[in-house]
Structure formats: structure tokens, C-alpha cells
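Input: a single structure, listed below in C-alpha cells.
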Amino acid sequence: MARSRNHEQWTSPPPFTSSEYVDSRIYSDQEIFEEELEKIFKKSWIPVCHESELPEPYDFRTVTIAKEPVILTRAKDGKIRAFLNVCPHRGNMLERSPSGSFLDGSPSGNPRHITCMFHAWQFDMKGRCIYISRQEEGYQDRLKKQQMGLRELKCEVYFGGFVWVSLNDQIDMTVEEWSAGSLAVLKPSLDEEPLEVFHYHKAIIPCNYKLWHDTNCEFYHDYLHYHNRITGFNDAYFARKNTGFDNGHINVGSFEVQYDNYEGSHSREEISFPHLPPNHWYMIDMFPGVNFNLRGSSLRCDIMTPLGPDKVMIEFRGLGLKSDDAVTRRARIDHHNSIWGPFGRNLHEDLLAVTGQGAAMNPRAEKRQILHGRHENETIHDENGMRHFYEEWGRWMDRMPSNPDKPFAESAGA
Amino acid sequence: MSSADAVRDSIYRSCMYKDDMEWEKWLNLCDEDFQYSITAYSPEIRNDMIYLSGGRDEMLGMMKMLPKHNSDHSPLKRHCSVYTVDLEDDGATATAVSSVVVYQTQLDGINCHVDAGSSNVFLVGRYFDKFRIADGVAKFVEREVKLDTRKLDKGTHYPI
């Protein structure tokens, strides 16, 4: 007989293996959060923006990884490089604008240079220190410009022009190797011709970053979305596969979305991305918090920047083909934002749901066991994607997701 | 009522109708060929963006679908000041620029026991409107809501 539960029953393990649920403390604990920044976000590859956001020499873009300010520059040689956005003199943040060009001078410095406004130290696009104000007077021959370059970070442009950065000098794999095949399903579509970002907005949400990643990894929550139920929920939808890859990444397989079933919505067939069957929809979720989501005519990318155990910044980008004419671009924007914009049908619903999870998971709240135990032959409502993620998370953190006080042990199915 | 007053009257009424979620009444202030959009300039990607757009019927259809969607029902209130009204020489058309600040009063968006009843600034921007004037009535033919705010957190299903 169905019944409610008392404390003991509520906090007892569910009738699952330990890989099929997690302790909600991993979504709220400050110590675990700080450890995640050190062990995961400072060690892996993170895509931070798209190359179209700094298209010309001397363009720059500023971002944050694991609380570290990062600046990306495009030098005269066309190469994009990444540096800590920190002056080596007194630790001031070098550039405070989200993006721009160093072609013009700044009040404290010359054109074509990164200038620290504080004491006018200047650097070039390759991170070399090229000017120290009153250098000889103050430092005599004790300090040379050659010793004061910026801290350069590993940086690659890969997968349709996304810019990836790692704070880890010792990372022993390329982005391609890191992706472990998870990007292959969309690579032909994204690499066929240059892409361009047409949409950007951000949300700072009071929930743990993993809750947003979970939502991107599982489609059982399509019960939340009227749009997805009415345009999906047929045999082809329920046959979509969730596939795990090394390093904690997953793919969600495609099917043909019936856009016409939603009033006011139309087929995306005429402006599908290259090599993508009409109205198909693929999803890639990369460890630890990145999502690529291609719905026929427009690509969405979510990049998560954890700000605290209960706070995450999510940057939402929409991309089309750089060669788009005005009419095509407008159609892509409409397709993207009618679902995924800040006033769109689905994104608001997803954000509402995770906000509710965050609000119900205080650090000292009575333990919740978050269930990832659905098995449906690794199809769309199976929760194997989340299980795959948490297996990887446990490995990097050396903590059991179901009991984070215990060291990690491989699950039987791993 | 002068034509300029008719323009102001339509702008303020549109705010009240939207505040009260009287979507049909709002759209009745608009001509058949009305076009609505919410736009913003992103200094991140250094481009103009269109967050939402649609004609009169599309907006009405979208609003009628809301009961089928899960939404944050926290009401939005628009504080609007009409800055300029410029009448064309033909006397039949006008443009107007207004400042708008939208406040959100929490209802069911987060934890209602703690948050319900608190108000916060949801967004800041301007209305750029175009009107057709006939028989002393100014009907919207175009509204562009140009946002300064780009960190919209949960967002909303409601037009601004």
C-alpha cells in the first residue's frame, strides 16, 4: 500500500544500486563545491566562447573559469590565445569589458596593447610584457620585461569554432581526445562552414551547476514541456538513444520533430544545418557542464560557470551559419528564441524547475536522495546519461555520489 | 484629445492591460499588421539581438497557449514614461519613445513562503513605438522593446 514516510524511511537508501541515486549534499555543500573547482574545473577543457566573438586581430573577450578571470585575444597572426586576465604587477584585473578591440588606445595605454589601467604596464596580444612605466628608475636592472609576461593558458579552437581553454598546463590530451568521440555526431554539421553567434544571454540561477547539467542530460523531464510533448512523444521519440562516452560525456540521439503540431510553429526543414536530416534534433552533454543542442536550424550552446554550491551562471548562445542572408538569419533567430530565448517556451520552464530544486536543497536540509534509476534500454527516458556523468564525477572527486563521505568505487556496470 | 495625447493614452493603456494580463485588450490597441519585438544589444557578442518577435495573431496565439505551459506567474508591472511623441506631417502616423522599468513581484517562481510578495526590478529598457492615427485613436503598428537588461535569469513567458 502506498504511504508517506517518516525520517528513517525517507533517509534510507532507495531500492536501487548506489550508482542509481545521489546524495543531495553534492548539490549544496560548500566544501564539495570548492573541491569541484580544484579537481574538475581547473583540470579539464572548458569551452568559453565562439571564435566569431573575436573575429578581428586585436579583438578580445573576457570570461571566467573556476573563479579565475581569463582574457582571450586574437593576435595579428589570427591565432586566439588565452591568458589569466591579471596584471603580473599588483594582481589587478587587466580588462573589464566583456569584449572589444585593443586597436584603440586606452586612457593609460597605447593602441594595440593590453594595458593595466592601474600603473600602465602594457602587454601585446601574445602576452608579452612590452612596457613597464618608469622601469629603470624603479627596478634598475633587477626586473626585466621578459620576466613579466602574462600567464598563458592552454587554448584550442575546435568543433565549429568554439574556443576551449584549460587552466591545467599538464592536461595530457587535446580537445578532440577529451571529447572522446562525443562530438562526432555533430562535427560534420558544425565544421562544414563557419558559424556565427547570433544570440547571447545569461542567467544566474540559485541552484547547483549539476542540476542544470542533469536537466540537459535527461529527457524524462519533457513532461515539463508542452512544446516537446506535442511535437514529440511518438515511437521515434521514445526510441532516441542516450549514449555514454569516455570522460563523462553523452549524446542524445535524434528523431524528426513534428514542429507543425505546436500552434504557430513551423518546419525547420528549409534551413537545416548542413548534413542534418530535416527537423532532427541532437544533443551533446559534455562533462563537467557544457551542452550543445542542435535543433534543425539553430545550434544552442550552454556553458555553465559555477559560482557557488547553490549558484550557477549559465551562458546561452545561439548560432547559425556565417553565410546566412538576412532572411535566413532572422528565421534561425525566431526558431531558436521561440523555444530557447529568455522569453521562449521551453527555457523558462527548465529554469523554473531547477530553481525549485535549488530552493529545496539547503546544505543542512534533511537528506534527499536524487534518483537516477530509470532503465529503458538506454533510450530517451532512461537515466543512464546522468549515471554516466556521476560515475565520472565520482572518479574525479574520489567521492561516492550516493555517499560523498566515502571514497569512490567503480560501480558494477562501469 | 490631441493626436499626441492619443499616442500617450495608447502607450499607458497598453502597459495597464499587460500588467493585468489582459492580452486581448492589449492587442486590440494594435492594428492588424502590428509587429512586436524584444531586442537587446549584446556587448558580449557585439551584435543586436532579437529575443522575441511576432505579429498580432502570433502574440495572441502565444498568450492563449500559456495555460498549457508551466510559467512563473509572478506578476510584472510596467513603469513607463513617455519621453517623446513625434507626429508625421501627414497627421496619420507617429513615433514615440518611452522609458520602461518592469518590476516583478514574486509569487510562485522560487520558494513562495520566503519570497512571495517581494518586488524586484526585472528589467530596464525603452519602448520604440510606431502608430497609425485615425478618428482620434492611435493604434500600434510596431513596438520594439529595447532592453538594457540581458541577465534575465529565469526569464518569463509574458510580453513586456
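Letters go in sequence order (proteins before strands), and every chain restarts at 1.
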Nearest 0.5 Å, what's the OH-OH distance between B/Tyr51 and A/Tyr200?
9.0 Å
Over 12 non-hydrogen atoms of neighbours within 6.0 angstrom of NZ in B/Lys18
yes
Most contacts with chain A, counted as non-hydrogen pairs under 4.5 angstrom, among B/His157, B/Lys68, B/Glu58:
B/His157
Are more than 12 heavy atoms from other residues, nucleotides or ligands located less than 6.0 Å from atom CD of B/Glu22?
yes
Pick from B/Pro159, B/Ser53, B/Gly61: which one has the most heavy-atom pairs with chain A under 4.5 Å?
B/Ser53
Under a 4.5 Å heavy-atom cutoff, which of B/Ile160, B/Asn111, B/Asp72 has the most pairs with chain A?
B/Asp72
More than 12 heavy atoms of other residues, nucleotides or ligands under 6.0 Å from CE of B/Met21: is that the case?
yes
For chain B, which residues from residues 332-360 of chain A have at least one heavy atom closer than 4.5 Å to it?
A/Ile333, A/Asp334, A/Asn337, A/Pro342, A/Phe343, A/Gly344, A/Arg345, A/His348, A/Glu349, A/Leu351, A/Leu352, A/Thr355, A/Ala359
Atom group of A/Phe198 that falls short of 4.5 Å from chain B, counting heavy atoms:
backbone
With rounding to the nearest 0.5 Å, note down the distance linking OG in A/Ser265 to CE in B/Met65.
8.5 Å
What are the residues of residues 75-100 of chain B, in order of number, with any heavy atom under 4.5 angstrom from a heavy atom of chain A?
none
Please round to the nearest 0.5 Å and tell me the distance separating atom SG of A/Cys49 and atom CD1 of B/Ile45.
11.5 Å
In this structure, are over 12 heavy atoms from other groups packed under 6.0 Å from A/Glu366 atom CD?
yes
Report the option among A/Ile204, A/Val197, A/Leu54 that has the most heavy-atom pairs separated by less than 4.5 Å from atoms of chain B.
A/Ile204
Chain B: which of A/Arg317, A/His225, A/Glu315, A/Glu53 shares the most heavy-atom pairs with it under 4.5 Å?
A/Glu53
Using non-hydrogen atoms only, which part of B/Asn70 is less than 4.5 Å away from chain A: side chain, backbone, both, or neither?
both
Distance in Å, B/Ser42 OG paired with A/His201 NE2, rounded so as to fall on 0.5 Å steps
11.5 Å
Counting heavy-atom pairs closer than 4.5 Å to chain B, which one of A/Gly264, A/Ala203, A/Ser99, A/Ser52 comes out on top?
A/Ser99
Taking only heavy atoms into account, what residues of residues 135-150 of chain B are found under 4.5 Å from chain A?
B/Leu147, B/Arg150
Can you confirm whether more than 12 heavy atoms, excluding those of B/Tyr41, are under 6.0 Å from its OH atom?
yes
Side-chain donor-acceptor pairs under 3.5 Å in residues 117-125 of chain B, sequence neighbours left out?
unit_1: B/Ser118; atom_1: OG; unit_2: B/Asp115; atom_2: O; d: 2.9
unit_1: B/Ser119; atom_1: OG; unit_2: B/Thr105; atom_2: OG1; d: 2.8
unit_1: B/Asn120; atom_1: OD1; unit_2: B/Gln106; atom_2: NE2; d: 3.2

Max heavy-atom pair count under 4.5 Å with chain A, selected residue of B/Met49, B/Lys151, B/His69
B/His69
Would you find more than 12 non-hydrogen atoms of other residues, nucleotides or ligands less than 6.0 Å from B/Arg126 atom CZ?
no
Measuring only between side-chain heavy atoms, which start at C-beta, is A/Lys202 closer than 4.5 Å to B/Glu44?
yes
Using non-hydrogen atoms and a 4.5 Å limit, figure out which bit of B/Ile38 sits close to chain A: side chain, backbone, both or neither.
side chain
Considering residues, nucleotides and ligands other than B/Arg13, do more than 12 of their heavy atoms fall under 6.0 Å from its CZ?
no
Counting only heavy atoms closer than 4.5 Å, note whether B/Ser71 contacts chain A via side chain, backbone, both or neither.
both
Proximal component of A/Arg330, with respect to chain B [non-hydrogen, under 4.5 Å]:
side chain
